[in-house]
Structures are given as C-alpha cells and as structure tokens.
Amino acid sequence: MSDNELRGFYLRYLEQLNAHKFDQMDEFIDERTTLNGEPATRDDLIAVQKADVDAVPDLHWELKELLFDGDRLAARLINTGTPVKEWLGVPPSGASFEIVEFAIYQVRNGRFVHMTALHDAGELLRQLTR
C-alpha cells in the first residue's frame with residue numbers, strides 16, 4: 001500500500017473504532033495478528049476493544065500524528081473518556097481522562113498483522129483516582 005492508501009486505511013479504521021463499530025473490524029485486522037508482541041486473533045482484539053468501550057462508553061481516539069515506513073504505521077493519539085464501570089482496577093468516580101497513546105502497526109495484504117500500543121498507565125490512574 002502507498003502512504004496515501006495507508007493513511008486512508010488508518011483513518012477509516014479510526015472512524016469505525018470511534019463509532020464503536022466492532023463488526024467492521026474484519027476489514028482492518030487480520031484473522032491472526034499480534035497485540036503488544038503476543039499472538040492474538042481478531043476476536044481477541046475485538047474483545048479487548050469491546051470491554052474498554054463497555055467500561056468507557058465515550059472512549060475516543062483523536063489522531064495527532066501519523067507516520068509511515070513501508071508497511072508500518074506509527075500514530076500518536078489522544079485518548080479521552082469517562083469510565084462508568086470499574087476499569088483497569090479503578091472504580092468509576094466520574095473522573096475523566098486524557099492521555100497520549102503511541103501505536104505502531106504493520107499492515108500486510110490490507111490488514112493489521114501486528115499492533116502495539118503504549119500508554120502512560122501511571123498518568124491514566126492519576127487522573128482516574130484524584
């Protein structure tokens with residue numbers, strides 16, 4: 001895929017993710033992939049995404065930067081939301097969060113085959129427990 005095709009692919013993925021349309025993820029995620037270096041299936045990834053949105057119904061990803069290197073993408077995003085259920089071991093308190101996410105992906109045959117995401121978990125917990 002060219003850089004422009006990768007950009008369009010990622011923007012469509014992010015649109016579906018923000019709309020919480022998980023039934024559309026087969027368009028973007030290969031049946032077998034890795035998540036943070038561990039083998040995973042598409043269903044595994046969708047289960048994680050659904051659990052996050054179940055606990056944080058307004059979870060939103062805002063793209064700030066997107067870089068390309070061949071079949072790899074790197075994104076800097078701002079994640080926001082307000083948990084309404086226990087999430088990451090923290091009971092809901094009405095507190096919202098806004099954190100930076102760095103994500104790296106590899107795309108093969110038009111789908112993600114490797115996905116890695118890094119968040120500042122300490123900052124997330126500080127915001128949710130203050």
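FYI, the numbering just counts along the sequence from 1. Just so it is clear, the values below take in all heavy atoms, side chains as well, and ignore hydrogens, waters and symmetry mates.
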Same apolar cluster: [X] and [Y], side chain cutoff 4.5 Å:
X: M25; Y: L14; result: yes
X: L11; Y: V107; result: yes
X: V53; Y: V84; result: no
X: I104; Y: M115; result: no
X: F68; Y: V113; result: no

Main-chain N/O of [Y] paired to [X] side chain as donor or acceptor, under 3.5 Å:
X: S2; Y: E5; result: yes
X: N18; Y: H60; result: no
X: D58; Y: T82; result: yes
X: E15; Y: R12; result: no
X: N36; Y: A117; result: yes

Side-chain contact test, heavy atoms from C-beta onward, threshold under 4.5 Å: evaluate it for [X] versus [Y] and give yes or no.
X: T41; Y: R32; result: yes
X: S93; Y: T129; result: no
X: V90; Y: P83; result: no
X: I29; Y: R111; result: no
X: L73; Y: F112; result: yes
X: L77; Y: V100; result: no

Inset, instruction - Using the side chain to side chain contact (heavy atoms under 4.5 Å, CB included) rule, take R42 and T33 through it: C-alpha gap first, then chi angles, then the decisive distance, then the call. - result: CA-CA 7 Å; R42 179 187 311 125; T33 185; 6.0 Å; no
Inset, instruction - Compute the centroid of each ring, for F97 and then for W87, and state whether the two points are separated by less than 6.0 Å. - result: yes
Inset, instruction - Determine, using ring centers only, whether F28 and F9 are less than 6.0 Å apart. - result: yes
So how far is it from [X] [atom1] to [Y] [atom2], rounded to the nearest 0.5 Å?
X: R76; Y: L67; atom1: CZ; atom2: CG; answer: 9.5 Å
X: L59; Y: L17; atom1: CG; atom2: CG; answer: 7.5 Å
X: H119; Y: E101; atom1: NE2; atom2: CD; answer: 3.5 Å
X: K50; Y: L45; atom1: NZ; atom2: CG; answer: 12.5 Å
X: R7; Y: M1; atom1: CZ; atom2: CE; answer: 12.5 Å
X: T80; Y: E98; atom1: OG1; atom2: CD; answer: 6.5 Å

Legend entry - Closest approach of P91 to G89 (non-hydrogen atoms, all atoms of both residues): CD-O, 3.8 Å
Inset, instruction - Tell me, yes or no, whether the heavy-atom count around N109 atom CG, taken from other residues, nucleotides or ligands under 6.0 Å, exceeds 12. - result: no
Legend entry - Whether over 12 other heavy atoms sit under 6.0 Å from E31 CD: no
Inset, instruction - May I ask you to decide whether D54 forms a salt bridge with K85, counting only side-chain N to carboxylate O separations under 4.0 Å? - result: yes
Legend entry - R126 bridged to E123 by N-O distance under 4.0 Å: yes
Legend entry - Parallel, tilted or perpendicular: ring planes of Y13 versus Y10, cut at 30 and 60 degrees: tilted
